[in-house]
Protein chains: 2
Amino acid sequence: MGITDRKEREKQEMRKLIISAAMEMFITEGFDKTSIRNIADKIEYSPATIYLYYKDKDELLYEVQGQAFMEIYNAFVRDVTATDPMDRLQQLLHSYVNFGFEHPDLYDLMFILRSPMNATENDWPNCDEAYHFLTKTLEECIDQLRFTDVNLAALSIWGLGHGLISLYIRERIKVTKIPDDQIRTAIKATVDEQLRLIKR
Amino acid sequence: MGITDRKEREKQEMRKLIISAAMEMFITEGFDKTSIRNIADKIEYSPATIYLYYKDKDELLYEVQGQAFMEIYNAFVRDVTATDPMDRLQQLLHSYVNFGFEHPDLYDLMFILRSPMNATENDWPNCDEAYHFLTKTLEECIDQLRFTDVNLAALSIWGLGHGLISLYIRERIKVTKIPDDQIRTAIKATVDEQLRLIKR
DNA sequence: TTTATTTACTGAACACTGTTTATTAAGTTT
DNA sequence: AAACTTAATAAACAGTGTTCAGTAAATAAA
């Protein structure tokens with residue numbers, strides 16, 4: 001049936017159109033300040049139409065999260081090029097931190113925003129892959145680390161990286177009185193120091 | 001003038017009434033799900049009345065933040081009782097992490113929520129005091145640490161603590177697949193390990 | 001080709017949100 | 001007792017996410 005094929009294709013295109021617009025606005029305006037009506041305006045459809053393709057605003061976020069996790073994963077693949085395991089770990093961390101600096105709104109909706117974690121309890125698209133990149137990288141050098149459990153090592157390194165970036169994004173790091181133009185280097189230095197610390 | 005005194009007193013009482021109601025609802029429902037109308041209902045006044053005492057919803061948050069920072073500071077004073085500097089540091093960290101576990105919604109509005117950081121750019125009530133508790137505690141044992149700069153040491157320890165708690169509160173830590181009933185102990189263990197790591 | 005049916009879309013509404021303003025009622029001063 | 005000041009509110013405005021009855025076009029059946 002050619003027609004149903006085309007219909008399906010058009011449906012997918014419409015979904016993509018909506019998500020692209022949503023993502024663009026989430027990045028430039030943030031999730032909260034982007035309304036369904038804004039998105040509808042941008043793609044020149046009525047707000048109600050969006051609800052024919054997505055259940056609610058959370059599903060839009062869920063989908064954009066998936067895209068964003070793909071992007072950070074691709075950044076990992078792009079940046080982590082070394083062969084030495086410890087070097088790879090460092091490259092991974094730099095890649096992560098840089099992603100946060102360069103795409104703060106994406107980082108926000110991936111790791112900070114409270115939202116569609118209700119989606120089937122467990123599966124969280126493409127986040128697993130990104131996390132797996134970390135655990136895999138850690139596995140390769142776990143014998144050089146002061147950790148025996150990969151998950152605990154991940155906690156120690158992801159926790160710090162995320163903590164610093166989110167304090168930065170949500171402007172809490174200001175309380176340290178570290179000058180604005182030095183914060184990024186301070187964060188990077190702290191993360192690098194962490195790598196040295198966890199080395200056996 | 002007795003009357004103006006009483007008026008001033010009544011005004012302050014009203015402000016307190018509003019803030020108490022707001023705080024209670026921020027804790028039980030969260031900031032986003034608490035509306036001005038809800039608060040007004042609770043104290044049996046009209047929504048417009050609240051605007052006679054506070055500029056906007058952000059000012060409410062700002063005020064509750066102040067209270068919350070006082071509370072965490074009090075928790076620090078209560079929990080950090082040791083005389084040995086390193087012990088004090090550990091007690092401080094435990095106090096911080098426990099506060100996050102026991103008052104997740106307060107923690108949220110203090111450290112995660114995006115909001116009234118616009119308030120005069122700089123002053124952020126009672127947060128400085130709490131942060132100062134950390135830097136002071138660090139100063140006392142900086143010679144036993146692998147850091148020379150107190151602010152960088154704070155970054156390393158606050159960053160990790162905050163990172164883990166916020167990943168927990170915003171449910172991102174689930175991706176580690178660490179069983180729910182083990183996460184808290186895993187977080188505490190990670191923080192303790194960090195203390196060992198930064199020890200010279 | 002004409003009729004029937006399915007599909008895609010939308011205008012208008014609902015129930016909420018933060019916030020402002022004109023009006024009323026009470027308290028205070030003259 | 002009259003004039004003035006203050007405190008509180010009802011009602012409105014502009015926005016939000018979301019739903020639903022109704023319309024117009026595309027497809028299927030006659």
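Each chain gets a letter, A, B and so on, in the order the sequences are listed, and its residues count up from 1. Small disclaimer: the values here were computed from a predicted structure and weren't measured.
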Counting heavy atoms from C-beta on, name the nucleotide in dG17(D), dT27(D), dG18(C) closest to the side chain of K57(B). dG18(C)
Using atom OH of Y45(B) as one end and atom P of dT24(C) as the other, report the distance to the nearest whole Å. 21 Å
Any side-chain N or O of Y53(A) below 4.0 angstrom from OP1/OP2 of dC9(C)? yes
The reported gap from CZ in R146(B) to CG in L152(B) (rounded to nearest 0.5 angstrom) is 15.0 Å
Nearest 0.5 Å, please: how far is OH in Y131(B) from CG in N151(B)? 4.0 Å
As a test of reading the structure: which of dT27(D), dT19(C), dT21(C) is closest to the side chain of R6(A), going by heavy atoms? dT27(D)
Does a side-chain heavy-atom distance below 4.5 Å link M14(B) with L17(B)? yes
If you find the nucleotide of DNA chain D closest to K11(B) and the one closest to A48(A), which residue's nucleotide is nearer the 5' end? K11(B)
Sub-4.5 Å side-chain heavy-atom contact between K188(B) and F101(B): yes
When the distance from OH of Y51(B) to C1' of dT19(C) is rounded to whole Å, what number comes out? 5 Å
Return the value, rounded to whole Å, for the distance between atom CD of E10(B) and atom P of dG27(C). 10 Å
Here's a test for you: under ring pair (Phe, Tyr, Trp, His ring centres under 6.0 Å), which of F69(B), Y96(B), F76(B) qualifies with F133(B)? F76(B)
Determine whether F26(B) and D108(B) make a side-chain contact, defined as any pair of heavy atoms from C-beta on separated by less than 4.5 Å. no
D58(B) CG to dT17(C) P: how many Å, rounded? 17 Å
Neighbours of DNA chain C within residues 31-38 of chain B, by heavy-atom distance under 4.0 Å: T34(B), S35(B), I36(B), R37(B), N38(B)
Distance check needed: dG17(D) P versus L61(A) CG, whole Å only. 13 Å
Judged by atom type as modelled, is there a donor-acceptor pair below 3.5 Å linking the side chain of R88(A) to the main-chain atoms of A82(A)? yes
When rounded to whole Å, the CG to P distance for the pair D41(B) and dA10(D) reads 11 Å
Report yes if a side-chain nitrogen or oxygen of S46(B) is closer than 4.0 Å to either non-bridging phosphate oxygen (OP1 or OP2) of dA10(D); otherwise report no. no
Would you say V150(A) and L134(A) make side-chain contact, with heavy atoms under 4.5 Å? no
Quickly work out the L60(A) CG to dT16(D) P distance and round it to whole Å. 15 Å
In whole Å, I'd like the distance from the CD1 atom of I50(A) to the P atom of dT18(D). 11 Å
Can you pull every protein N or O that's under 3.5 Å from an N or O on nucleotides 21-25 of chain D?
none

L93(B) reachable from I169(B) in the ILVMFWY side-chain graph, under 4.5 Å edges: yes
